[in-house]
Amino acid sequence: MAEDRRRDHVGPQPRRPKAEDESRNQGERNPGASRLCDRRQPAESHGEDGRHRHPAQARLERQGKIGPRSRCQRDGYPQAGAGPLGGRVIANNPRQDQDFRHSARRCRYKTCAAGPLARVPNCHSLRIHLSPVAIMTDNQKPVLRFAPSPTGMLHIGGARTALFNWLYARHTGGKFVLRIEDTDRERSTPQAVAAIIEGLEWLGLDWDGEITYQFSRAARHREIAEKLLAEGNAYRCYATQEELTAMREAQRAAGKPIRYDGRWRDRDPSEAPAGAPFVIRLKAPQGGETIIHDIVQGDVRFANEQLDDMILLRSDGTPTYMLAVVVDDYDMGVTHIIRGDDHLNNAARQMQLIRALGWPEVTYGHVPLIHGPDGAKLSKRHGAQAVGEYRDMGYLPETMRNYLLRLGWSHGNDEIIPTPQAIEWFNLESIGKSPARLDFKKLDNLNAHYIRETDDGALADEIAHLLGRKDPPQTLSAIGRERLIKAMPALKERAKTLVELAASAEFLFTDGAREPDAAAAKILSDDARRTLGEFLGTLEGTDWTGHALEEKARAFAEAKSLKLGQVAQPVRAALTGKTTSPPIFAMLEVLGREESLKRLTAHVL
RNA sequence: GCUCCCAUCGUCUAGCGGUCUAGGACGCGGCCCUCUCAAGGCUGAAACACCGGUUCGAGUCCGGUUGGGAGCGCCA
């Protein structure tokens, strides 16, 4: 099946004539060179000095319109400082030299023969980049994690985060681990844990190893906090809640940034009020900046002076989220953290902690949040937040994976990307930076596609499941299932969701005359009912197959100089009670002679 | 208020300084097919937020403006 799907996505993509242009340059192409370096460099692009340049540039140069200052210089890379991400554009015109920090996605050097030094094509400037990917040593397989807090259902945004992590782990052959962040004892519930696991399983996102429950690791977290304290990287703070609230209010009133002012940072421990409760805070650096080399957002810089000393251990001795994540990620060997960009600010603080601990830095990727159809943050009024709701609405897991993947990640013009293909293609560089909105129309379209791809038996099972969840629950009878399977090829071509599919199949599950709905009743006029009777009269001894019945109907219509529709529609209305259905003659066959005649004769006038 | 992030058709997006009269998909309009509804085929309308800068050349690089979003807890 995987093979089928793979073939399918390739589909008949109309080729734009533009694509043929490639043939123009084929001769000059150097297959070994990078995409950057070999880009359109026909012979004419080599000037008398043998350097590469764009034909247009060469032309302009020959015409004397541009001078040597604009020339591409391939050699003599200036010794620019290149950070782990971003870098410096070196132009021939020094005034144009520029620093880059947002260029994570532009890094293509990996395929560049020139190594980490990549030349900007067709341009007189040079760009130097080093991607975080390069920092990762080759023998180290990535470890990804999904770390939800069990305070509600598995959110659709969380599902996408999980998907991205999972895909990257599967793509690289690394690990995908699951950690339940249940350190908030007030809000965490076992039901929520179950819902998250169920959601993940439904989506087909399997994790490696055992689930880690963060709360169970509190002792370890405390140990690290003590270690920090002992090493002088953390301190005890005896400020009370009331004191801090007052401090924040004063800051707010004065229009100052709201943050802890470090009042216990440098006090001597002897000043501590005896026996008073305290929290442990990180002694964060006060000058300089903390830079996150984010794989999605590029370099994000935070001035340390605006990051206050965060609490590591609460006064009741329990660890805070900041401490717990960092310790757990370290202990679990996590190398990459892909999560919602609502955590971007947290990343800076976590990085400070990691550095204070001297642990290896993880690679962050902060994915933009998903918004509702109106562009606002996804909330209850947008309906469907929990993945379980999507299941109930009749969407397939495969659909969700494909849709969620495309929401913020792309691979050229590809839209239909079955999971095996997604695993093969997925990368971190192609994650988009801007927030995306949910579009149910597109979800429907995609779901319709995957429904058509799903085999009939599996679809029948889904419908049985759906019927079972109805109130009151219904069961799919043997005869119902048999009819359903027979009609499925025609039915599934018409359904956008499983719910729709079940509804459109409803007429297969009943016996005897159908009660026409309003529209169907209109079709069944006296004239139509008489015609129906006459038509039934011609059916004596006919083979009860869709083909034979259709032949009969055509002959009958011609004899009566009616259009086929004038015969078929009343049949449809009587047989199904509705005005739309799969091809009606095929449905006659599915229901069989006896059942069909029972339904039809009931409406004959 | 402070910090951070984002900005191409209605929506998801392609775009990696010249091949952009900006491509695809969903949705919408028209035509074809047709027993209804779909599906399918053909076709149409539809976008680079704005202003500066760099450059021979900017959707693409830089800065600003505007607009959206996120965060500023002894929550996670």
Side-chain angles (χ1 to χ4, degrees), chain A residues 13-14 16 18 21 24 35-36 39-40 54-57 60 65-66 70 89 91 93 95-96 98 100 103 105-106 108 120-125 147-149 151 181 183-184 186-187 241 244 248 251-252 255-259 277 279 297 300-303 306-308 311 313-316 318 320-322 324-325 340-346 348 366 368-369 371 373 375-377 403 406-408 410 412-416 432-439 441-446 448 452 493-495 504 550 553 563-569 571-572 578-585:
Chain A
Q13 297 277 0
R16 292 167 50 226
K18 212 180 264 179
D21 288 357
R24 264 196 325 211
R35 191 168 151 208
L36 257 190
R39 241 182 146 240
R40 304 294 152 102
H54 188 273
Q57 189 181 9
L60 289 167
K65 288 195 178 153
I66 53 175
S70 304
V89 162
N93 177 350
R95 275 168 58 216
Q96 249 204 298
Q98 281 159 342
F100 281 79
S103 312
R105 298 153 72 230
R106 311 278 179 222
R108 300 293 162 174
V120 176
N122 314 334
C123 180
H124 50 266
S125 50
S149 59
T151 54
E181 309 218 320
T183 50
D184 184 347
E186 305 271 301
R187 300 197 300 154
Q241 300 267 20
L244 293 175
R248 287 191 197 101
Q251 286 167 341
R252 202 185 307 272
K256 294 237 173 85
I258 296 157
R259 63 178 77 107
V279 299
Q297 309 283 355
V300 183
R301 323 168 87 96
F302 296 88
Q306 72 209 13
L307 266 19
D308 61 6
I311 294 177
L313 215 57
R314 302 188 186 102
S315 51
D316 63 0
T318 60
T320 61
Y321 161 76
M322 290 290 178
V325 218
D341 76 0
D342 49 339
H343 282 287
L344 187 50
N345 291 275
N346 290 338
H366 288 92
L369 265 18
H371 291 174
K377 189 185 177 184
Y403 182 75
R406 280 288 292 110
L407 217 53
S410 59
N413 281 339
D414 294 296
E415 296 286 346
I416 304 288
K433 302 175 78 171
S434 50
R437 303 181 185 199
L438 240 26
D439 180 8
K441 287 287 178 50
K442 192 156 183 170
L443 221 205
D444 281 347
N445 179 271
L446 210 50
R452 276 177 248 133
E493 201 170 297
R494 293 164 168 72
S504 70
E550 181 169 350
K563 280 190 267 186
L564 185 57
Q566 290 174 281
V567 181
Q569 274 304 80
V571 172
R572 186 185 322 276
K578 293 185 290 190
T579 51
T580 66
S581 81
I584 196 61
F585 302 108

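A, B, ... follow the sequence lines: proteins, then strands. Residue 1 opens every chain.
- Using a 4.0 Å heavy-atom cutoff across all strands shown, A:T183 reaches sugar-phosphate atoms only and no base atom.
- Residue contacts shown for A:P148 are absent, as no nucleic acid heavy atom lies under 4.0 Å away.
- A side-chain N or O of A:Q569 and one of A:R572 form a donor-acceptor pair less than 3.5 Å apart.
- Nearest-nucleotide mapping onto RNA chain B: of A:A436 and A:T320, the residue sitting toward the 5' end is A:A436.
- Contact annotation for A:S434: backbone-only contact, meaning every heavy-atom pair under 4.0 Å involves sugar-phosphate atoms and none involves a base.
- Using a 4.0 Å heavy-atom criterion, one finds that A:P435 contacts the sugar-phosphate atoms exclusively.
- At the heavy-atom level, A:I584 lies under 4.0 Å from base atoms of the strands shown.
- At a threshold of 4.0 angstrom between heavy atoms, the contacts of A:D444 with the nucleic acid are absent.
- Here A:R187 does not reach the OP1 or OP2 of B:G73: none of its side-chain N or O atoms lies under 4.0 Å away.
- A gap of 25 Å separates the C1' atoms of B:A46 and B:A39, to the nearest Å.
- Note on A:S410: a side-chain N or O is less than 4.0 Å away from OP1 or OP2 of B:A14.
- If you take CZ of A:F302 and C1' of B:C72, they are 11 Å apart, rounded to a whole angstrom.
- Among the atoms of the strands shown, none is found under 4.0 Å from any heavy atom of A:P277.
- The residue A:G340 sits apart from the nucleic acid: no heavy atom pair falls under 4.0 Å.
- Among the protein residues, A:S149 comes within range of the sugar-phosphate backbone only, with heavy atoms under 4.0 Å from sugar or phosphate atoms but none that close to a base.
- To the nearest 0.5 Å, the span separating NE2 on A:H371 from CZ on A:R437 amounts to 8.5 Å.
- Within the 4.0 angstrom heavy-atom criterion, no nucleotide atom of any strand lies near A:Q251.
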Enumerate all atom pairs, one protein N or O and one N or O from nucleotides 26-28 of chain B, separated by less than 3.5 Å.
residue: B:C26; atom: O3'; partner: A:N445; partner atom: ND2; Å: 3.3
residue: B:C26; atom: O2'; partner: A:K441; partner atom: O; Å: 3.4
residue: B:C26; atom: O2'; partner: A:K442; partner atom: N; Å: 3.2

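- Across all strands, A:H343 comes closer than 4.0 Å to base atoms (heavy-atom distances).
- Taking 4.5 Å as the limit, some side-chain heavy atom of A:I416 sits within range of a side-chain heavy atom of A:L446.
- Residue A:Q306 is in sugar-phosphate contact alone, with no base atom involved, counting any heavy-atom pair closer than 4.0 Å across all strands shown.
- As judged by a 4.0 angstrom heavy-atom cut-off over every strand, A:R437 is placed among residues touching the sugar-phosphate backbone only.
- Separation of the P atoms belonging to B:U11 and B:A47 is 12 Å when rounded to the nearest angstrom.
- The nearest heavy atom of RNA chain B to A:P257 and to A:Y403 marks one nucleotide each, and the one closer to the 5' end goes with A:P257.
- For B:A25, neither phosphate oxygen OP1 nor OP2 lies less than 4.0 angstrom from any side-chain nitrogen or oxygen of A:R406.
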